[in-house]
Structure formats: C-alpha cells, structure tokens
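This one's a predicted model, so the numbers in the text were calculated from it and none came from an experiment.
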There are 2 protein chains.
Amino acid sequence: MTLSEENYLKAIYHLSDTFDGGISTNAIAEKMKTKASSVTDMIKKLSEKELVNYRRYKGVELTVEGKLVAANIIRKHRLWEVFLVEKLNFTWDEVHDVAEQLEHIKSEKLINQLDEFLGFPKRDPHGDPIPDKDGNVSNHTDVLLMTLNKNDKGIIVGVKDSSSSFLKYLDKQGIALGKKIKVIDKEPFDNSMKIRIKKEEFTISQQIANNIYIKK
Amino acid sequence: MTLSEENYLKAIYHLSDTFDGGISTNAIAEKMKTKASSVTDMIKKLSEKELVNYRRYKGVELTVEGKLVAANIIRKHRLWEVFLVEKLNFTWDEVHDVAEQLEHIKSEKLINQLDEFLGFPKRDPHGDPIPDKDGNVSNHTDVLLMTLNKNDKGIIVGVKDSSSSFLKYLDKQGIALGKKIKVIDKEPFDNSMKIRIKKEEFTISQQIANNIYIKK
DNA sequence: TTTAATTTTTAGTCTAGTCTAAAAAAATAA
DNA sequence: TTATTTTTTTAGACTAGACTAAAAATTAAA
C-alpha cells in the first residue's frame, strides 16, 4: 500500500458516504486536487489489486477489502486526532494536517495500543465516529441542526465541515461538542435560526446550521 | 525535504559520529542498503541544497544546516521511541521500525508538545541522548563495557547495537539500563569478561561487552 | 435522432529515485 | 613509476505518479 493508494481509497470511501453508486472520475479528481487522467491511472491500479470495482466510464466502488483498508486509515486518522487534542493540547482546528500524516504509519500494535491508551474513544474531536478494527462504524443517526424546528432541543455531537475556519468560528461563538442547544426561532425566509446555548441567545445562518450534528 | 533526503542526512550524520572527515560514497551506500550510483545522485541533490559539502571522489560532510536537519530527525526518532515504550508498552526491541516512520512526521508543535508530554526526557530507551531543538547532543562521555578492567564498577547507561536480537539477549540475561555492574574477571585471551549484576555472576563475550555503555 | 457538450480514457511527457554497466579517478602494489 | 585494484562517477534505462493534449465514449440538447 503506497501513500498515494491509501489517499485515493480514503477519498473514495468518503465520497461513497455522500453519493450512491459508482463514484465518478471527476469527483475523485476534485477531492484529491488532481487531474482526471491521474485518477484513471490510479483506479486501474487499485482495480488490479481488487480494492475497487471498476468499469470504464462507469465510476468506481470500493470492494469489501477496499472498504476495510479505507476504514482502517480513517480509524487511525481519528484516533490520532483524539491523541493530539487530549494528550498534546492541540485545538480541534489544528489537528487535521498532522493526522493526515500520522494516519499512514504502519503498525498494528501501535494503533491498538494507542486505542487502549486513549480509553477506546468512540468519536474524534469533531464528533465523527471512529471505526473499529473490522471497519465497522457506529452509524451516524444524528441529525443536522438545520433540520430542527422551533422549540426543538438537543446536544451538539459533531460537525460536518472540519475546516479550520469553521471550527474557529464555532469556538468564538461558544459552540462546542456536548453543549445543550435549543432552537428559539426559525426564520422561514432564509432558514437562519435563533438558538440558545447556556442561556445565551444568538442567530446563526443556514450554512452554519447545515454543518452541525445534533443528538435529539 | 523528501523522505529519501531525510534518510540520507540521517545516515551521514550517524556515520560522521564514528568516522572523521568526508564520508565515502560506499559507506553511505552500505548503510542505506542501496547502490553507490544512487548515493552519488542524491549527494549532488543535497549539495545543491547546501545540506552537505561535496567534492567529487572526496566524500561528503554535513553543513551546519545539514547537521541541524539530521539532529532534528534523530530527536524525533528518539522522542517517539520514549513515547512507544513509556506510554504504549512497547519493549525496547520493538520500537525501531515504528520510530523510523514516525521520525518523518512534519509538525513543530507536535514534537515540542510530545517532548513536554514525556517530561523532557534526556535519553531514549536504548540510552542514546536526545538532541535538543537546536540540535545539541549531550556528548556521550560514557565508556564501553569492554574498556573496563577487573574490579571496575559502573552503571549501564546505553547500548551501541540496537538490533532486536541483541536487545532480546540482554533482556534474557537481565542486563538493563540503570543496573549496577562489576567486572569480576577479564580473560586476556579472548577479552571475554565475568561480570556481576545484582549478585548474579556470568560471563559475556567481547562482542557483547563492546556494545554496552557504562557510566563509571 | 442527429448534434453539441461533457466526461473519461489514452497516448505521450516529466520528475524523483532507483538500478546496471561502463568509464574515470584514486589508491595500492609490484 | 607503471600496473592493478578499488572506488566513484557517468550514462542510460526503469517505475510510480503526476501532467497535457487529444481521442473516444457518454449524456444532454435541439
């Protein structure tokens, strides 16, 4: 498994989460910030290794084996994120680039010991679930804040967008995982909503509400 | 800095420790398990970047900058080794391959926080000194067990050979860092020595004694 | 259903890092 | 000091992974 192969598998895995059926060459190219022709080359290679199913012009799907490999990389990524935040005092908007490197370290023992050292965490600092050794992910039944209605209540459990700028915005507003939230009002015109967190009320845009997961 | 460049710098750094003056192409090739022609190519590249001084047929020496880069990689390697042993229950003969990967992770913050998290350790699990941020290494004034004479005493502080097989041998014999040792007798014929550790006496060959560092 | 636009693939090129084989320089021996 | 051996470098080829430009297949529009 080369670094590049691993990154392609991860990208396909994430795209499969959002879209059904074969993932298009262009979609992968965009996600990987590379060119479609490069994607075609790599897909052929992954197909040879039976990590993806591929029919020309029809896009790709991960095989069972490919899915396992990808889930394992994501498992490592998220466990390292927990480590960075819990043990090394990183903030949740600083961890991504480093975890992106650490996820490629190869050692079964390392990752299992790390898991234990961290107390077998179930979610990373952004609220995303950590796959287990067999690639099983506790499925995300949580809903987007956007879908709540007036007077609905819940707990913030995750974010969809993990970009540094978004996370910094949340920190500034005092929006953090585990906080209780209540929808005070919802504006039908632009879907913005007035929310309450810890007795403080303020308004957020639909764009923000569309990137926060809530457990009801 | 590519992975390959980093590995060459590290190899040259280690070789400079043992040999004075320019490090030969062949010596690097042997250490890196590659061919002399590949070494020549890479040396040219490192020379362009002013990380080594190079004169055709005369071998290489690290520049001040090159030495700093190399020391930094070794710093990372050794800090990760401490982490693996102290926090993740690795044994000292298991850490090398994983640390070899982890040493290439790029993040200033990561390594400084790790250093702090580990309590600013001075030595790795094999007793080797950990360079500081500026590449300074507390110089190894310790002597090889081989150089001790009858009735000399000391404390085991390091090993020269970190191969898994050697470390396993030491574990089996109960030879560990920090243990007090006394030379009971030394055989002039083959330089083997009878030693005592914790009231137990046994004989070791010169080869073994040549790979253990002692603080007198 | 033929044409136009879009997507995907192919063909060929480039770079980093490796290799083999041969040439050149340096070190050693006669 | 010349000949031989060893070391180092050069020349040229190979692979992975990327790229550009052009061809082919598919999809959408007229």
From [atom1] of [X] over to [atom2] of [N], roughly how many Å is that when rounded to an integer?
| X | N | atom1 | atom2 | result |
| --- | --- | --- | --- | --- |
| Lys33(B) | dT18(C) | NZ | P | 15 Å |
| Lys58(B) | dA27(C) | NZ | C1' | 10 Å |
| Asn26(A) | dA5(C) | CG | C1' | 13 Å |
| Ile43(A) | dT7(C) | CD1 | C1' | 12 Å |
| Glu30(B) | dT7(D) | CD | P | 11 Å |
| Lys44(A) | dT8(C) | NZ | C1' | 10 Å |
| Arg55(B) | dT8(D) | CZ | P | 14 Å |
| Ile28(B) | dT18(C) | CD1 | C1' | 16 Å |

Of Ala36(B) and Glu5(A), the one whose nearest nucleotide on DNA chain D sits closer to the 5' end is Ala36(B)
Between [X] and [N], is there a contact of a side-chain N or O with OP1 or OP2 at under 4.0 Å?
| X | N | answer |
| --- | --- | --- |
| Tyr54(B) | dT9(D) | yes |
| Lys35(B) | dT18(C) | no |
| Thr34(B) | dC19(C) | yes |
| Arg56(A) | dT10(C) | yes |
| Tyr57(B) | dT10(D) | no |

Does Asn211(B) offer a backbone N or O that forms a donor-acceptor pair with the side chain of Lys160(B) under 3.5 Å?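 Checking the backbone N and O of Asn211(B) against the side chain of Lys160(B), no donor-acceptor pair under 3.5 Å is found.
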Could you pick out which residue, Ser37(B) or Met42(B), lies toward the 5' side of DNA chain C when each is mapped onto its nearest nucleotide?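 That would be Met42(B).
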With sugar-phosphate meaning primed atoms plus P, OP1 and OP2, does Ser38(A) contact a base, only sugar-phosphate, or nothing at under 4.0 Å between heavy atoms?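 Result for Ser38(A) = base.
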Touch class at under 4.0 angstrom, heavy-atom based, for Thr25(A) against every strand present: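 Here Thr25(A) touches the backbone only, sparing every base.
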Cation-pi between Lys87(B) and Phe117(B): NZ/CZ under 6.0 Å from ring centre and within 45° of the ring axis?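 Yes, Lys87(B) and Phe117(B) form such a contact.
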Do the numbers put Lys109(A) on top of the ring of Phe90(B), so that NZ or CZ is under 6.0 Å from the six-membered ring centre and no more than 45° off the axis?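 Geometry flag: set, cation within 6.0 Å and 45°.
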Between dA18(D), dC19(C), dT9(C), which one does the side chain of Asp41(B) approach most closely? dC19(C)
Using a strict 4.0 Å threshold on nitrogen-to-oxygen distance, state whether Lys106(A) and Glu6(A) make a salt bridge. yes
Is there a side chain to side chain donor-acceptor pair (under 3.5 Å) between Asp161(B) and Ser163(B) once you walk through the steps? CA-CA 6 Å; Asp161(B) 176 359; Ser163(B) 71; 3.0 Å; yes
